[in-house]
There are 2 protein chains.
Amino acid sequence: MNVTIIDVAKKAGVSPSTVSRVISGSTRISAATTEKVKAVMEELGYHPNLMAKNLVSRTTMTIGLLLPRNADEAFLDLFFSEVTRGILSQATRAGYDLLLKTGKSEQEELEAVTRLAKGRRVDGIILLQSRRDDTVIRYLLQEKFPFVLIGRDPERPDILSVDNDNVQGAYDVTRHLLELGHRRIGYAGGPLELVVSSDRYEGYRRALAESGIEPDPRWVFGADLIRQDSTAAVRALMEQPERPTALVVMDDLLAFSLLGSLSELGWSVPGDMAVFGFNDNPMSPVSTPPVSSVDIGVYQLGLQAAGLLLKSIKNEEIAERRVIVPHRLLPRESSQPPGS
Amino acid sequence: MNVTIIDVAKKAGVSPSTVSRVISGSTRISAATTEKVKAVMEELGYHPNLMAKNLVSRTTMTIGLLLPRNADEAFLDLFFSEVTRGILSQATRAGYDLLLKTGKSEQEELEAVTRLAKGRRVDGIILLQSRRDDTVIRYLLQEKFPFVLIGRDPERPDILSVDNDNVQGAYDVTRHLLELGHRRIGYAGGPLELVVSSDRYEGYRRALAESGIEPDPRWVFGADLIRQDSTAAVRALMEQPERPTALVVMDDLLAFSLLGSLSELGWSVPGDMAVFGFNDNPMSPVSTPPVSSVDIGVYQLGLQAAGLLLKSIKNEEIAERRVIVPHRLLPRESSQPPGS
DNA sequence: CTGAAAGCGCTTACAG
DNA sequence: CTGAAAGCGCTTACAG
């Protein structure tokens, strides 16, 4: 019922092989034949059946994106849509499609990935997170199936990955605050099982150490604490005799919560507490006060990841197996010294 | 090189047909045979080649999602990730995959959709927006290819669609503000070419009219104005002799901008101006003050759209061709009367 | 420059 | 309950 290559061949008075060659822009087809076949394709409204094409060419022109299963953190909303746009942009440019997959558990994720890989559903896969001893990564490695991780797997530094230098990012923010004269600087983030979180904590700690400052453990508190009861967390923080005057906050969303609680308790930002966030939420510039943040280039992460994956799929030379997307400090009012 | 159905058949001592039947859980295969074949599949690590399966079964078990091309508005970030999650959840449950597509122009979008439909790449498509005289919708209709629109096409009320009742939503918000005693109520939103925007404006206008209030045109201003220079827009608004005491705002992100400018100019919310937003941004409850909003159930929009599309693909009975996802007012501090 | 033939890995009437 | 055969719509050596 649908127009096939055979219909076109008949009508154009050539063989199916020839039509196929015209479609693929193959060599050595006469201009006359090419023109005739193209005209017939147009006339009949022919479009190649991608399934058939994929089956015989053993390639799908599709890459898979595995979504992290607990995507219920608001931060991930933004990350997800930006990174997807980056991936899609790069993939589309190269003629590739993007298939989305998710799983509710590690088991389901593994099944999904197995289906994609073994079922020849996609040519490569992008991962948005890695867990300790990640079975998905282990499987992909063992099958030698092309994949790229956005982030970092401390146990397998040699896999293809695209990431920020999160240690350096937090280091930069902390140094920035130190240079503004702050000595007692706190850190809000976590959980530390997440690589990104522990990396940022490490950068924070390192900058302080370089200045000979040993952070008081009471200056450091977890994201879950803030989410549960931000006001209680802030009150506990501010009641300390030696309370911090600045906070490095792992994500702007967290920073917004803290801002709300500080204001509720009558403290002013940046007067009583300077705040510097991460991930440059679109709301950060328009919040009250505007929140200082680190732009981590989420779109770029996606773009680069897709680029790297495509190289891997096509067996092209890969210069760096680990691509670092640069970050950028965006100081705004929430961390400005009073005078400026 | 990869294990095929033939390898399994040989090893199990049966025909390929039988293996195929075991895989599809077909009728009339003896328990003994089934067991034997399954054991061999397990042993050989067999996984069906999806391309081959799709080719012969003329079905892809995949649905396509077309992303709106100008997805650079921050609001869409949230909408996109939530709606995708809803779609993915429903699709995965039914054993379907999700393919993402985008185009930089209407022309590119049409080409993308043509490839998907004619190329038998997907079984159905979900659209996230419609334009006046939308060529993509016209094409899909003409090809009788299954699709669902999230939103509303005023020119084609009979297509499958999932949407909120945006007129009613804005009506409800405006009534809520009227009941709190406000008489001069403004509206911030637009552009009015977007159906969702004009629908909300219509609901706003209707509620006022019912109370015998004719809105002053100076109370109504566009989103672009706010994005360009929120403070100027707010100043102009507040300098009016008969300035509004409450604002219906088309999106929470817009509300955040307004909040910032109001605060900057020394006005208090809700004291000097009550604000009621839309789309319940995750930040709304934690902003200062917490922003009243309308939860439009984005996840549900995605879930229902996928459900509707799957019914259409399977030619199942469809009771309502237009599904309305209920909205919910979430009054917070930004619209509370001073005393409460 | 072009065609005939085999094959990609599966499903599905048709027989038995 | 099971098998042989044809076919899904394309590509790609192999010949000429």
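Since the structure is predicted, the reported quantities are computational estimates derived from the model, not experimental observations. Letters go in sequence order (proteins before strands), and every chain restarts at 1.
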Any [X] side-chain N or O less than 4.0 Å from OP1/OP2 of [N]:
X	N	value
B:Thr18	D:dG3	yes
A:Arg58	C:dG9	yes
B:Ser15	D:dT2	no

Original post:
Would you call A:Arg138 and A:Asp133 a salt bridge, taking side-chain N to carboxylate O under 4.0 Å as the test?
Top reply: yes
Subject >> A:Arg321 (side chain) donor-acceptor with A:Asp158 (main chain) under 3.5 angstrom >> reply: yes
Give the nucleotide from the list [options] with an atom nearest to the side chain of [X].
X	options	answer
A:Val14	C:dC8, D:dG3, C:dG3	C:dG3
B:Val56	D:dT2, D:dG9, C:dG9	C:dG9
A:Ser30	C:dT2, C:dT12, D:dT2	C:dT2
A:Thr4	D:dC10, C:dC10, C:dC1	D:dC10

Original post:
What about A:Arg21, does its side chain sit under 3.5 Å from the base of C:dG3 through a donor-acceptor pair?
Top reply: yes
Between [atom2] on [N] and [atom1] on [X], what's the gap in Å once rounded to a whole number?
X	N	atom1	atom2	result
B:Lys53	D:dG9	NZ	P	18 Å
A:Lys10	D:dG9	NZ	P	12 Å
B:Ile23	C:dG9	CD1	P	14 Å
A:Leu50	D:dC10	CG	P	10 Å
A:Arg120	C:dC8	CZ	P	14 Å
B:Ile5	C:dT12	CD1	P	11 Å
A:Asn49	C:dC10	CG	C1'	14 Å
A:Asn54	C:dG7	CG	C1'	16 Å

**OP:** Please find out if less than 6.0 Å separates the ring center of B:Tyr139 from that of B:Phe145.
**Re:** no
**OP:** Classify the nucleic acid contact of B:Ser57 as base, sugar-phosphate or nothing, counting any heavy atom under 4.0 Å across all strands shown.
**Re:** nothing
**OP:** Just call it for A:Thr33: base, sugar-phosphate, or nothing, with non-hydrogen atoms closer than 4.0 Å on any strand.
**Re:** sugar-phosphate
Subject >> Residue closer to the 5' end of DNA chain D, A:Tyr46 versus B:Ser17 (nearest nucleotide) >> reply: B:Ser17
Original post:
Who does C:dG16 pair with, Watson-Crick or G-U, both distances under 3.5 Å?
Top reply: D:dC1
Original post:
When rounded to the nearest 0.5 angstrom, what distance separates CG in B:Leu116 from CG in A:Leu50?
Top reply: 8.5 Å
Original post:
What do you reckon, is CD of A:Glu155 surrounded by more than 12 foreign heavy atoms closer than 6.0 Å?
Top reply: yes
